[in-house]
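Accompanying notes for the structure given below.
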2 protein chains.
Amino acid sequence: MDIRDVARSAKVSVATVSRTMNLVPTVDEKLSRRVWQAIEELNFYPNTQARALKSGRSRIFGLILSEITNPFFPELVQGFEESAIKDGYEILITSISHDHSRMELAVRRMLERKVEGVAVMTFGVELPYLDRLAAADIPLVFVDDGPPVPRRTILQVDYATGIRQGVQHLAALGHQRIACISGPPQQLSSRLRYDAFLESMREMDLPIEPELLVKGDHTLQGGAAGARRLLSLQQPPTAVMCSNDLTAIGLLRAASQAHVSVPRDLSVIGFDDIHLADFVSPPLTTVRMSRAALAEAAVGALRSHAEASPDRIAPENARFVSIPTLLTVRRSTGLCAWP
Amino acid sequence: MDIRDVARSAKVSVATVSRTMNLVPTVDEKLSRRVWQAIEELNFYPNTQARALKSGRSRIFGLILSEITNPFFPELVQGFEESAIKDGYEILITSISHDHSRMELAVRRMLERKVEGVAVMTFGVELPYLDRLAAADIPLVFVDDGPPVPRRTILQVDYATGIRQGVQHLAALGHQRIACISGPPQQLSSRLRYDAFLESMREMDLPIEPELLVKGDHTLQGGAAGARRLLSLQQPPTAVMCSNDLTAIGLLRAASQAHVSVPRDLSVIGFDDIHLADFVSPPLTTVRMSRAALAEAAVGALRSHAEASPDRIAPENARFVSIPTLLTVRRSTGLCAWP
DNA sequence: CTGAAAGCGCTAACAG
DNA sequence: CTGTTAGCGCTTTCAG
């Protein structure tokens with residue numbers, strides 16, 4: 001079953017069938033109707049491979065994730081899938097599992113399948129492997145920052161707003177000794193969150209105690225380790241801002257094991273608002289970064305690059321997109337019990 | 001850059017290049033070396049679309065999931081990706097999010113991209129939409145059970161062994177009043193787990209109390225609800241087997257809120273052994289069903305179907321594959337405190 | 001506005 | 001064992 005069968009059935013040429021399917025406006029309406037009818041009757045749909053081969057357009061976008069088993073990512077994948085499908089694109093997912101050598105493989109797979117664009121959702125672990133994508137002139141989307149290659153968009157997450165809201169929220173509850181468990185410093189997004197925290201503390205005239213600034217790694221274990229460190233301090237903090245929800249959840253566990261009650265003895269704020277945040281005990285106050293918004297913005301940017309006529313490059317202002325964040329107050333934050 | 005450039009550079013015909021790349025054994029070694037060298041030098045890799053168009057083989061497997069944000073599935077995806085890539089296949093992932101109408105779309109996407117096989121990982125929510133895949137003679141892999149279509153493999157999870165081990169473990173700890181929170185009865189896998197539980201209880205001569213058999217839905221909320229129900233009983237159970245880990249984790253939360261200590265007052269066993277199971281408090285004793293094994297078996301079955309010569313259909317015994325389960329004892333089970 | 005025809009890059013007869 | 005060549009199903013000039 002192919003386009004010729006349709007042409008025969010509709011009594012037109014294959015060219016007309018092709019034009020009709022591709023909504024070329026100059027097709028006579030009578031013929032077009034005949035064609036659509038034939039397509040329906042035969043339950044025909046075009047062969048994507050042939051189409052891709054001829055047109056040079058695969059209608060596939062690539063998605064490079066750092067680690068699909070991190071609950072942040074499946075939610076992103078879901079949004080990505082939804083947006084891409086709506087526009088008729090398929091999506092090629094690769095999870096590099098923190099293994100830099102797999103990045104090379106991922107890039108190769110993208111190249112082989114001739115993706116029309118790639119969203120790099122590794123939050124800073126970009127590496128030079130991506131040069132090959134840029135060299136192939138493939139549109140690229142990064143989060144926070146990325147190399148200044150030609151057809152590129154950067155999704156700038158507005159960490160500052162959400163984190164400022166978090167610090168203000170804690171300050172309003174009377175907290176002064178606010179700690180921070182940061183993320184892996186190799187990740188730009190960790191550093192930006194950390195900087196936003198420090199900045200907000202200064203804005204609020206809150207003291208920044210070096211001993212309250214501990215390093216985590218965006219894992220449950222890291223969060224638990226950081227928590228133990230903070231709780232063993234001579235003068236422990238009354239509140240903690242965590243660089244992500246996994247860290248905060250690890251902290252919650254360690255606190256519970258140490259018989260420290262949240263939020264009575266300690267207030268906790270996470271970041272990301274993963275699904276699980278609402279189901280831990282107590283439900284986590286956290287800064288929401290919408291995965292759906294991130295995904296939609298990424299797909300939108302890729303589309304606009306992929307579909308831009310080669311001569312008319314997308315305007316400069318379309319090359320940065322801001323992603324909002326918002327404090328979501330649940331039950332892990334409360335009034336400071338200390339004077 | 002195409003196969004002709006390679007041919008020119010290696011001073012052979014395109015046919016030889018093609019044969020070399022496809023490891024046809026009758027290529028002279030001298031030529032083959034020249035070809036590989038040219039491929040290296042030019043950094044050439046074949047155009048997948050052209051290859052697929054000509055050969056009729058897309059080298060793509062489809063994967064239909066019920067819900068990617070359920071932590072069980074990303075782990076499965078990871079295994080699937082790993083196995084498929086190793087064999088040179090790409091993978092097209094669709095998450096139908098419990099929305100039956102999306103199943104139709106998923107099937108359409110599979111058909112359009114001409115996948116060479118589909119693993120249906122929806123644990124029982126198959127539905128007639130799959131007829132179209134079977135009608136297109138696409139190899140199919142199901143879990144537990146599936147329609148008797150031609151090129152099909154069923155992955156039979158050996159629920160009985162793991163669940164029996166769980167019940168025996170509880171019995172050995174002195175538990176008699178063992179409850180069960182089951183999963184959604186529409187899912188075959190829920191029913192099989194439930195049946196295995198009842199069967200094991202009988203084998204052990206343990207009493208099956210109707211009031212201790214409550215329905216869950218494989219979500220955290222469902223587990224919490226079931227827990228509240230069980231704990232409010234005149235005579236609550238001393239142990240609970242849950243149909244999956246999410247249910248067990250929901251139960252853990254509800255128990256903690258009700259000041260019921262696990263495992264002191266209540267022993268809990270989950271099923272699946274998702275990543276999170278090891279990070280809740282207390283770490284969950286659970287029945288492990290290896291996602292990697294499931295994924296590997298699925299990919300293996302799809303390959304053997306896809307690559308079988310049309311005349312030599314895979315042998316009957318290759319059409320059922322058993323997936324083992326194993327009790328993993330952690331900290332959520334302990335000695336029964338009641339006489 | 002429509003149709004004929006030339007490929008897109010590759011594979012697989014078929015002929016040497 | 002190697003090379004020539006005819007398509008796979010579709011899009012897109014180029015003529016009509």
Side-chain angles (χ1 to χ4, degrees), chain A residues 1-36 38-39 42-60 88 90 111-116 136 306-307 309-310, chain B residues 1-36 38-39 42-60 88 90 111-116 136 306-307 309-310:
Chain A
M1 152 94 72
D2 65 20
I3 202 176
R4 271 182 299 253
D5 298 315
V6 179
R8 206 171 303 126
S9 163
K11 297 190 196 315
V12 295
S13 71
V14 294
T16 301
V17 177
S18 173
R19 291 193 189 101
T20 305
M21 289 194 307
N22 292 298
L23 304 175
V24 174
T26 61
V27 179
D28 183 89
E29 209 191 308
K30 241 180 286 179
L31 295 195
S32 133
R33 251 204 312 273
R34 288 220 307 271
V35 170
W36 282 120
I39 288 176
L42 299 176
N43 192 17
F44 167 84
Y45 48 89
N47 180 321
T48 352
Q49 345 248 33
R51 197 178 248 208
L53 176 59
K54 181 62 200 181
S55 67
R57 304 213 33 206
S58 64
R59 297 201 77 86
I60 300 177
E90 205 47 80
L111 253 15
E112 281 180 349
R113 296 284 169 175
K114 302 262 186 295
V115 297
E116 295 188 49
E307 293 167 12
S309 46
Chain B
M1 152 96 72
D2 66 21
I3 202 177
R4 271 181 298 251
D5 298 316
V6 178
R8 208 169 305 128
S9 162
K11 297 190 196 313
V12 296
S13 71
V14 294
T16 301
V17 177
S18 174
R19 290 194 190 102
T20 306
M21 288 193 310
N22 292 298
L23 304 175
V24 174
T26 61
V27 180
D28 183 272
E29 209 190 308
K30 240 179 287 177
L31 295 195
S32 134
R33 249 204 311 273
R34 288 222 306 270
V35 169
W36 283 121
I39 287 177
L42 300 176
N43 193 17
F44 167 84
Y45 48 90
N47 180 322
T48 353
Q49 343 250 32
R51 199 179 248 207
L53 175 59
K54 178 64 201 181
S55 66
R57 303 212 36 205
S58 64
R59 297 200 77 87
I60 300 177
E90 206 46 79
L111 253 16
E112 282 181 348
R113 296 285 169 174
K114 303 260 184 297
V115 297
E116 294 188 50
E307 294 167 12
S309 47

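Convention: sequence-line order gives letters A, B, ...; per-chain numbering from 1. The analysis underlying the following values was restricted to heavy atoms, covering all of them including side chains, and did not include hydrogens, waters or symmetry mates.
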Nearest to the side chain of A/Val27 - C/dT2, D/dT2, D/dT4? C/dT2
For a quick check of understanding: with a heavy-atom distance under 4.0 Å over all strands, which category does A/Met21 fall into, base, sugar-phosphate or nothing? sugar-phosphate
Please report the C-alpha distance between A/Asp28 and A/Lys30 in whole Å, then the side-chain angles of each, then the deciding distance to 0.1 Å, and finally whether the salt bridge (Lys or Arg N to Asp or Glu O under 4.0 Å) criterion is met. CA-CA 6 Å; A/Asp28 183 89; A/Lys30 241 180 286 179; 5.4 Å; no
What is the distance, to the nearest angstrom, from the CD atom on A/Gln49 to the C1' atom on C/dG7? 18 Å
Listed nucleotide nearest any side-chain atom of B/Arg19, set D/dC14, C/dA13, D/dT11: C/dA13
Measure the distance from CG on A/Asp5 to C1' on D/dG9 and round it to the nearest whole Å. 11 Å
Along DNA chain D (nearest heavy atom to each residue), the more 5'-positioned of B/Ala50 and B/Val14: B/Val14
Starting the side chain at C-beta, find the nucleotide from D/dC10, C/dC10, D/dG3 nearest to A/Ile3. D/dC10
Presence of B/Arg51 side-chain N/O under 4.0 Å of C/dG9 phosphate oxygens OP1/OP2: no
Phosphate OP1/OP2 of C/dC8 contacted by B/Asn47 side-chain N/O (<4.0 Å): no
Touch class at under 4.0 angstrom, heavy-atom based, for A/Thr16 against every strand present: sugar-phosphate
Between B/Leu23 (CG) and D/dC1 (P), how many Å, whole number? 15 Å
To the side chain of A/Ser13, which of D/dT11, C/dG3, C/dT11 is closest? C/dG3
Rounded to whole Å, the NZ-P distance (A/Lys54 to D/dT12) equals 8 Å
Nearest atoms (heavy-atom pairs only) where A/Ile3 meets A/Val14: CD1-O, 3.8 Å
Considering only heavy side-chain atoms of B/Ser55, the closest of C/dT11, D/dT4, C/dC10 is C/dT11
Starting at atom CZ of B/Arg57, determine the distance to atom C1' of C/dT11, rounded to an integer number of angstrom. 13 Å
Could you pull out the closest heavy-atom pair between A/Ala50 and B/Leu53, with the gap in Å? CB-CD1, 3.7 Å
Apply the test side-chain contact (heavy atoms from CB on, under 4.5 Å) to residues A/Glu90 and A/Arg59: give CA-CA distance (whole Å), side-chain angles for both, the deciding distance (0.1 Å), then the verdict. CA-CA 6 Å; A/Glu90 205 47 80; A/Arg59 297 201 77 86; over 6 Å; no
If you check every side-chain atom of A/Leu53, which of D/dG9, C/dG3, C/dC1 has the closest atom? D/dG9
Could you check how far CG of A/Asp28 sits from P of C/dG3, rounded to whole Å? 10 Å
Given atom CZ of A/Phe44 and atom P of D/dG9, what is their separation to the nearest angstrom? 10 Å
Rounded to the nearest Å, what distance is computed from the OH atom of residue B/Tyr45 to the P atom of nucleotide C/dC10? 11 Å
